[in-house]
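Contents: one structure, followed by commentary.
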Amino acid sequence: MRIGELARRAGTTTRALRFYEAQGLLPARRSANGYREYDEEDLRLVSEILMLQAAGLSLDDTRPFVECLRAGHDAGDACADSVEVYRRRLAEVDACLERLNAVRAGLLTKLARALVRQPGPCRVTDRPIDDDVYEDREC
């Protein structure tokens, strides 16, 4: 199949496929007239790349999965290098979640302290630089 058909069947763009080729993830064979030619295995590689990116992996993270498929394995994560990518990315996500939970806890503490100090609704006055106009808002 040609690049347009592969893009359509994979649900991506020809531009993305050319980029994958430039990055060494998608081999492109050339026909006598110079057109790129792909087969069902290439569709499988592109589908794997897209699925992994949708799961949050970077394009570079997909390399071990693509290499595993190219080596003849039934699944891209059948190889140790692919499993290591999962482990590394999970550790990165866990660290990010820990940081976000710390930020959330800090915000909850600040909110609780602010609510204790509030006897009821308050008024906030914004003062423009020229001090001629005031805008009152409920908070």
Side-chain angles (χ1 to χ4, degrees):
M1 75 187 92
R2 296 203 349 220
I3 193 167
E5 182 180 351
L6 177 61
R8 181 185 55 75
R9 289 183 60 192
T12 191
T13 64
T14 57
R15 184 176 179 191
L17 296 177
R18 287 186 196 102
F19 184 72
Y20 298 160
E21 179 186 349
Q23 297 301 306
L25 293 169
L26 181 65
R29 292 162 300 286
R30 300 283 182 157
S31 64
N33 60 7
Y35 291 134
R36 290 173 174 89
E37 289 187 342
Y38 301 97
D39 58 22
E40 293 300 318
E41 187 60 28
D42 296 317
L43 177 60
R44 185 172 176 214
L45 291 177
V46 173
S47 296
E48 182 85 358
I49 291 167
L50 294 172
M51 184 270 307
L52 292 167
Q53 285 189 301
L57 273 64
S58 72
L59 190 59
D60 198 47
D61 287 334
T62 68
R63 286 185 191 287
F65 298 85
V66 169
E67 290 169 5
C68 191
L69 286 174
R70 281 189 190 159
H73 295 277
D74 290 337
D77 58 6
C79 300
D81 289 345
S82 301
V83 172
E84 184 54 36
V85 170
Y86 283 151
R87 286 187 176 125
R88 180 180 49 79
R89 289 295 288 146
L90 279 169
E92 291 170 3
V93 168
D94 287 343
C96 185
L97 288 172
E98 286 178 27
R99 287 190 303 273
L100 287 173
N101 281 328
V103 168
R104 185 177 191 279
L107 288 170
L108 283 171
T109 300
K110 290 183 179 302
L111 175 61
R113 288 180 185 157
L115 290 174
V116 167
R117 290 191 296 272
Q118 299 296 313
C122 67
R123 306 280 292 173
V124 175
T125 303
D126 291 334
R127 298 181 122 199
I129 296 174
D130 62 9
D131 286 342
D132 290 337
V133 180
Y134 297 96
E135 178 184 317
D136 289 337
R137 317 179 268 188
E138 293 291 327
C139 57

Set of side chain to side chain contact (heavy atoms under 4.5 Å, CB included) partners for Ala10, sequence neighbours left out =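 Once residues adjacent in sequence are excluded, the partners of Ala10 under the side chain to side chain contact (heavy atoms under 4.5 Å, CB included) criterion are Thr12, Leu43, Val46, Leu50.
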
Side chains of [X] and [Y]: does their closest heavy-atom pair fall under 4.5 Å?
| X | Y | value |
| --- | --- | --- |
| Val103 | Leu107 | yes |
| Leu6 | Arg36 | no |
| Glu37 | Arg30 | no |
| Cys79 | His73 | yes |
| Val66 | Arg70 | yes |
| Met51 | Phe65 | no |
| Leu52 | Tyr86 | yes |

inquiry  = Taking CZ in Arg2 as the centre, count heavy atoms belonging to other residues, nucleotides or ligands within less than 6.0 Å. Is the count above 12?
reply    =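 Count not over threshold, so no.
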
ask   = For Asp74, does the CG atom sit with more than 12 other heavy atoms under 6.0 Å from it, leaving out its own atoms?
value =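 For Asp74, atom CG is not crowded (no more than 12 foreign heavy atoms under 6.0 Å).
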
inquiry  = One pair to check against side chain to side chain contact (heavy atoms under 4.5 Å, CB included): Glu48 and Thr62. What are the steps and the verdict?
reply    = CA-CA 8 Å; Glu48 182 85 358; Thr62 68; over 6 Å; no

Expected output: side-chain Asp94 to main-chain Ala91 donor-acceptor under 3.5 Å =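 No; zero donor-acceptor contacts below 3.5 Å.
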
Thr14 (side chain) donor-acceptor with Ile3 (main chain) under 3.5 angstrom =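 No, Thr14 side chain to Ile3 backbone: no donor-acceptor pair under 3.5 Å.
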
Working for side chain to side chain donor-acceptor pair (under 3.5 Å), residues Ser31 and Asn33 = CA-CA 5 Å; Ser31 64; Asn33 60 7; 2.2 Å; yes

inquiry  = Quick check: closest heavy atoms across Leu45 and Pro27, and the distance to 0.1 Å?
reply    =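 Nearest heavy atoms, Leu45 then Pro27: CD1-CD, 4.1 Å.
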
Shortest non-hydrogen contact from Gly76 toward Cys68 =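 Scanning both residues, the minimum pair turns out to be O-CB, 3.3 Å.
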
request  = Run the numbers on Arg88 and Asp61 for side chain to side chain contact (heavy atoms under 4.5 Å, CB included), then give the verdict.
outcome  = CA-CA 10 Å; Arg88 180 180 49 79; Asp61 287 334; 2.4 Å; yes

Distance from [X] atom [atom1] to [Y] atom [atom2], nearest 0.5 Å?
| X | Y | atom1 | atom2 | result |
| --- | --- | --- | --- | --- |
| Ser58 | Gln53 | OG | CD | 8.0 Å |
| Leu59 | Leu25 | CG | CG | 5.0 Å |
| Leu111 | Arg113 | CG | CZ | 11.5 Å |
| Ile49 | Arg63 | CD1 | CZ | 9.0 Å |

query = What about Leu26 and Met1, same hydrophobic cluster or not, with Ile/Leu/Val/Met/Phe/Trp/Tyr joined at side-chain heavy-atom distances under 4.5 Å?
reply =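 Yes, one cluster joins them.
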
message = Please say yes or no: joined through hydrophobic side-chain contacts below 4.5 Å, possibly via intermediate residues, are Val85 and Leu90 part of one cluster?
response =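 No.
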
With a 4.0 Å cut-off, would you call [X] and [Y] a salt bridge?
| X | Y | result |
| --- | --- | --- |
| Glu92 | Arg89 | yes |
| Glu41 | Arg44 | yes |
| Asp42 | Arg29 | yes |

